[in-house]
There are 2 protein chains.
Amino acid sequence: MSSKINLQQLDTFLSVVRCGGIGKAAEQLNLTQPAITTRIRNLEYSISATLFERTSRGLKLTKRGEVLLSYAEKFLHLAELVERDVVDHQAVERRLRLGVSETIAQSWLPAFVEKLNQKFPKLTVEIKVDISVELRNSLLDREIDLAILLGPISEYSVDNVALPEFELAWFASTSFSVEEAKQLKCPIASYARNTRPYRELKAALFEKVGPETVIFPSSSLSACFRLVEAGLCVAALPKALAKDYFERGSIREFDPGWTPSPLQFTASYLGDPKSYLIETAANIAHDVSMAQMT
Amino acid sequence: MSSKINLQQLDTFLSVVRCGGIGKAAEQLNLTQPAITTRIRNLEYSISATLFERTSRGLKLTKRGEVLLSYAEKFLHLAELVERDVVDHQAVERRLRLGVSETIAQSWLPAFVEKLNQKFPKLTVEIKVDISVELRNSLLDREIDLAILLGPISEYSVDNVALPEFELAWFASTSFSVEEAKQLKCPIASYARNTRPYRELKAALFEKVGPETVIFPSSSLSACFRLVEAGLCVAALPKALAKDYFERGSIREFDPGWTPSPLQFTASYLGDPKSYLIETAANIAHDVSMAQMT
DNA sequence: AGAGGTTACGGGCAGCGTAAGGATC
DNA sequence: GATCCTTACGCTGCCCGTAACCTCT
C-alpha cells in the first residue's frame with residue numbers, strides 16, 4: 001500500500017511553487033530547509049513520481065507537478081471553505097497581527113477591535129502602530145497579517161480593501177486670528193518624514209508659500225494637535241480627529257485657500273495563503289470605518 | 001494556532017458516518033476502536049466543535065457534522081482524482097484481491113491478468129476461485145476487492161459492470177450417438193451445488209425429463225468436461241470452454257430441444273471507498289472479455 | 001452481561017532541527 | 001566562495017494498540 005498524500009504536503013508543495021524554491025518556502029512556513037525537502041520528497045514518494053526537476057539554480061515543475069499544482073490549489077481552497085463553514089470561530093483561539101497607521105489608531109481602531117472581538121471572541125489581536133512604509137514592509141515580510149495604511153500596496157501578492165477617505169483641514173490655535181493663520185508663516189506641524197502626507201505637504205508648501213517654510217514632522221498626531229493647541233504651530237490634519245480639541249475650544253479650522261488631498265487608506269493583506277480570518281477582518285475594518293466616518 | 005485538519009481524519013470521519021458507528025469503521029479500516037475515537041476527537045478538536053451527538057446507542061451527526069460531511073466527500077473525491085491523474089501507476093506497488101468464478105478462470109482470466117499487468121506493472125494480483133455466492137460474501141466482507149461472478153449483486157453498496165454472456169450448449173462423448181445423448185438418461189455433469197446454473201438445471205431437468213435424473217455437481221468445470229469425454233456424463237456447459245475438447249474430437253455438441261439460459265457475469269466491486277484501481281480493473285475485465293468472446 | 005464508546009498508558013515511528021555534504025555558478 | 005538543495009542522525013511528540021472503564025439496555 002502506497003502511503004497516502006496529506007494536506008500538509010500539498011500546502012508545502014504550493015508554498016514551494018509560489019515561493020519559487022525550497023529555501024524561501026521554509027522561511028515562509030517558519031521551518032528549516034531540510035524539513036521542506038523531506039516533505040516534498042515524501043509527497044513525491046507517495047505519488048511515485050517526481051514533481052520538480054532539480055536544476056542547478058533551483059527547481060522547476062514537471063508536467064506531473066503542474067497537474068498536481070492545480071489539484072493542490074483545489075484542496076486548499078476546499079480547506080479554506082471548511083475553515084469558513086465548519087470551524088467554530090466562537091471557540092477557536094487564534095492570533096491576528098495587525099499593523100495600523102497612527103491616524104487609524106486615533107480614530108476607529110477601538111471600534112474595529114471591539115467588532116473583531118465580538119465576531120472572534122477568542123482572537124488575540126497584536127497591534128503595531130507605525131508609518132505606512134514600515135507597515136508595508138512588515139506585511140511583505142509576513143511580520144503582520146493585516147495592515148491598515150495609506151494604500152493601496154501595488155504588489156501582485158497583496159489584496160487591498162479601500163476604506164473611507166480622511167479629509168484634511170487646517171487647524172490653528174484660537175489664540176491666532178484667522179488672518180494670521182492663513183499666512184502659514186508659523187511652523188507647520190505634520191505627519192512624520194517618509195510618509196505620503198508629509199511629502200505632499202512639503203511639496204505644496206514649497207510651491208504655494210515658499211522654500212523657507214518650517215515643518216515639524218511628528219510621528220504622533222496627538223502631539224501635532226497639542227502643538228497646534230499651544231499656538232506653536234498650525235497643521236493640516238484629519239477633520240475626524242479634531243473633534244475633542246474643538247469641544248475644548250482650543251483650536252479652530254481655517255482655510256488658506258488649499259488643503260492637502262484626503263488620505264486614502266486601505267486594509268491590505270497577502271492573498272497567499274488565503275485566510276478567511278484575515279479576509280473577514282479586512283471587511284470588518286471596511287464596515288466599521290464606513291459606520292464611524294459618516 | 002489550532003492544529004489543522006488532515007485527510008486521514010476526514011477519511012475516518014466519512015467511514016464512521018457511512019458505517020454508522022465507530023466500531024464498524026474501526027473494523028473497516030483495520031484499526032481498533034480507540035484509534036478511531038482518537039481520530040474523531042482530534043478532528044473535533046481541530047474545528048473546535050463536536051461532530052457527533054453521543055447517544056446511548058451510537059452516534060448521530062450534528063448540524064456541523066452534516067456540513068463537514070459534504071466537504072469531506074469533496075476532499076476524498078479530489079484525492080481520488082489525484083490518484084487517477086497524478087499518481088504514477090507504472091511505478092506504484094499495489095495489490096488487487098480478485099475473486100473469479102471457475103468459468104472465468106477457465107476462459108479469459110489469463111488475458112485479463114495480462115492486460116492488468118500491462119497497465120499496472122507493479123500490481124500484485126491475488127486470485128481466489130470460488131462459486132459466486134462465496135465471492136459475493138467475500139466482497140461484502142471486504143476480503144476481496146473485485147469479484148467476477150454470476151451477477152449482478154443487488155446491494156446498494158455494490159457497483160456492477162455487465163460482462164458478455166456465456167452461452168451454454170449440451171455436450172456428450174463422441175462414443176454416444178446423438179439420439180442416445182438426447183435422452184439425457186445418463187448422469188448430467190454440472191456446476192457445483194449452490195450455484196445458479198446448478199439450480200436452474202435441476203429445476204429444468206425435473207420438469208422436462210423427470211424426477212429421476214441424476215446430476216453430478218462439480219466445482220471444477222474441467223472435471224465436467226473430463227467426465228463427458230469419458231462417456232460417463234453429458235453436460236450443459238459454456239461453448240467457449242469446449243474448444244480444446246472439440247479439437248481432440250472427443251466430444252460433440254447436441255441439442256435435446258432446450259438449453260439452460262446463458263450465464264450472465266458481472267465485474268462487481270464496492271463503491272465505497274471509491275478506488276480508481278478497482279474501477280479501472282472492472283473496465284479492463286469488460287474490455288478483455290468483450291474482445292475474447294467475439 | 002453485552003454492545004456501544006471512552007480513558008489511561010506504554011511503545012514505535014514519523015518528522016523536525018542541527019550539522020555536514022554535494023553541485024553548480 | 002556563495003547559493004541552493006540533499007543527506008545523516010539524534011530527539012521529540014504523535015498516534016496506535018492493549019487494557020480497563022463507563023453507561024445504557
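In this entry the distance linking CD of B:E44 with P of C:dG5 reads 13 Å, nearest Å. In this structure, CZ of B:R54 is placed 9 Å from C1' of C:dG5, rounded to the nearest angstrom. The distance between atom CD of A:Q9 and atom C1' of C:dA14, rounded to the nearest whole Å, is 11 Å. Distance CD1 (B:I40) to C1' (C:dT7): 17 Å, rounded to an integer number of Å.
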**OP:** Could you walk me through whether B:R136 and B:E155 pass the salt bridge (Lys or Arg N to Asp or Glu O under 4.0 Å) test, one step at a time?
**Re:** CA-CA 10 Å; B:R136 175 184 179 282; B:E155 293 272 335; 3.0 Å; yes
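Remark: A:G23, A:Q33, A:P34 in residues 23-36 of chain A come within less than 4.0 Å of DNA chain D through at least one heavy atom.
Residues meeting the side chain to side chain contact (heavy atoms under 4.5 Å, CB included) test with A:K274, sequence neighbours left out: A:H77, A:E80, A:E279. Residues that satisfy the side chain to side chain contact (heavy atoms under 4.5 Å, CB included) test with A:K24, not counting sequence neighbours, are A:C19. Legend: residues meeting side-chain hydrogen bond (donor to acceptor under 3.5 Å, both in side chains) with B:S268, ordered by chain and number and at least two apart, are B:N160, B:T266. Residues meeting the side chain to side chain contact (heavy atoms under 4.5 Å, CB included) test with A:D130, sequence neighbours left out: A:K128, A:E134, A:L135. For the side-chain hydrogen bond (donor to acceptor under 3.5 Å, both in side chains) test, no residue two or more places apart in sequence or in another chain qualifies with A:R196. Considering only residues two or more places apart in sequence or on other chains, A:R64 meets the side-chain hydrogen bond (donor to acceptor under 3.5 Å, both in side chains) condition with none of them. Qualifying side-chain hydrogen bond (donor to acceptor under 3.5 Å, both in side chains) partners for A:Q264, counting only residues two or more places apart in sequence or in other chains: none.
Contact detail for A:Y191 and A:P197: the closest heavy-atom pair is CD1-CB, 3.8 Å.
Judged as a ring pair (Phe, Tyr, Trp, His ring centres under 6.0 Å), not a single pair has a partner in residues 125-154 of chain B (not counting sequence neighbours).
A:T38 comes within 4.0 angstrom of no nucleic acid atom, judged by non-hydrogen atoms across all strands.
Direction change of the helix axis from one end of the helix from C:dA1-D:dT25 to C:dC25-D:dG1 to the other is 10°, with five pairs defining each end axis (rounded to 10°).
A:R41 has no side-chain polar atom (N or O) that falls below the 4.0 Å cut-off from OP1 or OP2 of C:dG15.
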Tabulate below the donor-acceptor pairs under 3.5 Å that side-chain atoms of residues 112-126 of chain A make, not counting sequence neighbours, or state none.
residue: A:E126; atom: OE2; partner: A:R95; partner atom: NH1; Å: 3.4

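When DNA chain D is scanned 5' to 3' for any atom under 4.0 Å from a heavy atom of chain A, the first and last hits are D:dC5 to D:dT7.
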